[in-house]
Amino acid sequence: MPVPFAPGGPRRHPGAARGHPPAGPPREDEMARNITTREKDYSQWYLDVIAAAEMADYSPVRGCMVIRPTGYALWEAIQRELDGRFKELGHQNCYFPLFIPESFFKKEAEHVEGFAPECAVVTHGGGERLEEPLCIRPTSETMIGHMWSQWVHSWRDLPVLNNQWANVVRWERRTRLFLRTSEFLWQEGHTAHETEAEAMEETMRMLEVYRSFAEDFLAIPVLVGEKTESERFAGAVKTFCIEGMMQDGKALQMGTSHFLGQNFARAFDIRFEGRDQKLQHAWTTSWGVSTRLIGAVIMVHSDDEGLILPPRMAPALAAVIPIFRNDDEKAKVLAFVEKTLAGLLGEDEVAASLTRFGNSQVQQLFYAQASGQSIVVDRRETMRPGEKHYFWEQRGLPLRIEVGPRDVDGGNLVVKSRLDGSKEVVPAAALTRGYLDAKLAGIQKAMYDRAKSFRDANTHACGSYREFSKFFEAGRGFLRCHFNPSSQAEAQIKTETKATVRLIPVGHTPAPGTDVFTGDPSTTEVVFAISY
RNA sequence: CGGGGAGUAGCGCAGUCUGGUAUGCGCGCCUGCCUUGGGAGCAGGAGGUCGGCGGUUCGAAUCCGCUCUCCCCGACCA
């Protein structure tokens with residue numbers, strides 16, 4: 001269903017969510033010519049943004065994508081940040097095999113039921129039929145459970161805090177770049193604990209890691225809550241999630257944390273002798289986020305001109321665009337750029353960057369060694385400045401720094417924000433790390449605030465099913481309602497409205513009310529939405 | 001997996017109905033000149049065998065069958 005996005009544009013669906021307005025009035029000749037507007041076709045816009053930024057491409061194999069360098073750099077940024085957060089909490093990375101014996105899945109009844117339909121299975125190897133078919137991992141609980149059963153003997157071996165960065169395969173019927181592909185990259189954390197309370201605590205701790213990561217790093221506000229039984233991970237006792245709202249008002253699950261109880265410990269015989277000298281099953285958890293987060297960043301922040309990256313995540317923070325009309329001006333401008341950058345980043349870095357052009361005339365200078373974030377100088381002479389502006393805008397760099405003859409004469413640079421289009425004339429001496437860091441932090445915060453305002457403006461309370469149905473007929477967004485979770489009611493609601501319970505918010509106890517569907521008394525409040 | 005749409009140069013398309021040599025169109029690309037504060041201009045040039053396989057035909061981008069991939073809707077599903 002199309003949803004209007006252009007500011008002041010026609011609102012075909014009165015209740016519909018609306019995207020962020022661009023800074024100025026969109027003039028036909030200033031709009032990206034290779035990107036469909038959100039208003040016209042949100043789905044196509046999403047694909048166009050990916051294509052324009054060269055983030056990913058299709059592969060010859062159905063449902064699989066190629067993640068191109070600009071897209072993969074985003075995944076690396078996510079990895080770097082999350083990996084650090086995991087390690088701070090004592091998790092250790094490891095690697096378990098891609099192939100999992102088919103029989104492993106059958107050991108946990110719900111797990112096999114949930115994953116069997118989407119498993120890719122290898123039946124042949126070395127030209128011969130395998131004795132036992134091998135599943136390509138859709139997730140690794142079974143393999144890890146199997147290995148842990150051999151490693152865990154005593155309460156002193158616990159907790160086990162593991163994580164792996166890996167690819168997984170789930171045979172999907174309907175795919176979409178980054179959001180749902182047959183193969184994707186993710187991180188799966190797996191932990192085993194001595195007690196139920198510890199495992200539960202771990203489940204919530206990692207959920208909180210995801211929440212703060214999403215909000216602080218990706219600048220995406222998320223709801224935190226528990227899934228209902230019908231949305232629960234196959235084999236879990238409880239599933240928790242973070243849920244974000246995209247600019248079309250649809251929900252996207254951005255991460256999950258599962259309390260697995262002793263289900264997998266029983267299935268795989270993960271037992272240890274406790275402090276009480278009794279043999280008992282361990283309590284396990286698992287939690288993950290995937291390359292889907294890149295899709296979330298695109299759909300939450302970007303606009304009709306292309307990608308917009310939150311500064312903390314952006315592989316490149318600023319693009320310097322030199323402007324000149326002749327050789328004299330060129331020499332003058334480039335010398336000024338070099339001098340300014342040497343002042344900002346050091347002469348060594350400027351010198352080192354001269355060997356780092358890669359396959360273009362785009363010079364990369366590291367701004368932050370730890371994160372690998374850079375500032376680029378676009379020295380290409382085949383492109384005029386205007387074209388470079390579009391080029392870097394579509395790639396979502398937070399800042400653009402223009403340097404022309406007039407600026408050099410005044411000893412200034414022009415700093416333009418990708419987010420709101422504002423320009424600032426900055427004396428070269430004032431272009432310091434302090435200035436840039438503050439500017440980038442301001443953008444990071446503004447992006448979060450903007451996304452949060454949007455989400456809040458499209459979140460409503462709802463008391464009757466009539467109102468509920470009407471809302472999802474016309475528009476998108478989150479509806480908070482009293483509702484007593486029931487698979488049967490949820491199925492019917494989904495059939496009638498397409499909406500599902502996204503989560504039961506944690507951390508607050510609602511006042512008593514009436515169930516939006518049945519009219520029964522209810523003390524549970526949930527959030528409904530149409531989701532990806 | 002069901003319904004609908006699409007696949008012709010890197011991208012966007014015309015040509016397909018009514019078979020007859022793709023010097024095809026715009027953008028991009030390469031060379032040169034010229035230009036450079038929001039996608040410049042001129043001149044010259046490279047690049048496609050029409051998604052794939054098979055069939056009909058003297059002859060297939062065009063007609064027929066099968067198949068692959070993408071997009072939209074639905075079912076299924078993290």
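Per chain, numbering begins at 1; letters A, B, ... match sequence-line order.
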Closest non-hydrogen atom pair between A:Phe264 and A:Gly235, with its separation
CE1-O, 3.6 Å
Looking at every heavy atom in both A:Phe478 and A:Gly244, which two are closest together, and how far apart are they?
CZ-O, 3.8 Å
C1' atoms of B:G20 and B:G41, separation to the nearest Å
40 Å
Give every donor-acceptor pair under 3.5 Å between a side-chain atom in residues 111-119 of chain A and any protein atom, sequence neighbours left out.
residue  : atom : partner  : partner atom : Å
A:His111 : ND1  : A:Ala234 : O            : 2.9

Separation of B:U36 atom P from A:Glu402 atom CD, nearest Å, is 16 Å
Which whole number of Å gives the distance between the C1' atom of B:G3 and that of B:G45?
47 Å
Value in whole Å for how far the P atom of B:G37 lies from CD1 of A:Ile321
12 Å
Please measure how far the P atom in B:U16 lies from the corresponding atom in B:C64, and state the result in whole Å.
14 Å
Which whole number of Å gives the distance between the C1' atom of B:A22 and that of B:G48?
8 Å
Suppose you measure atom C1' in B:G54 against the same atom in B:C17; what distance do you get, rounded to whole Å?
24 Å
Is there, by distance only and without an angle test, a donor paired with an acceptor across the side chain of A:Glu393 and the base of B:G38 below 3.5 Å?
yes
Round to the nearest Å and state the distance from A:Glu118 atom CD to B:C1 atom C1'.
15 Å
By nearest-nucleotide position on RNA chain B, the 5'-leaning member of A:Leu177 and A:Lys416 is A:Lys416
How many whole angstroms separate atom CZ of A:Arg384 from atom P of B:U35?
11 Å
With RNA chain B as reference, determine whether A:Asn326 or A:Thr175 sits nearer its 5' end, using the nearest nucleotide of each.
A:Asn326
So, does A:Tyr532 get its side chain near the phosphate of B:C77, meaning an N or O under 4.0 Å from OP1 or OP2?
no
Tell me: CZ of A:Arg33 to C1' of B:G12, nearest whole Å?
12 Å
Is the shortest side-chain N/O distance from A:Arg380 to OP1 or OP2 of B:U36 below 4.0 Å?
no
Rounding to a whole Å, what distance do you find between A:Tyr58:OH and B:G51:P?
19 Å
C1' atom, B:C30 versus B:G15: distance in rounded Å?
28 Å
Between B:C72 atom P and A:Lys498 atom NZ, what is the distance in whole Å?
13 Å
Rounding to an integer number of angstrom, what distance separates B:U49 and B:U62 when you compare their P atoms?
15 Å
Within a radius of less than 6.0 Å around CH2 of A:Trp171, do more than 12 heavy atoms belonging to other residues, nucleotides or ligands occur?
no
Please state the P separation for the pair B:U31 and B:G47 - nearest whole angstrom.
15 Å
B:G12 base / A:Asn34 side chain donor-acceptor hit below 3.5 Å
no
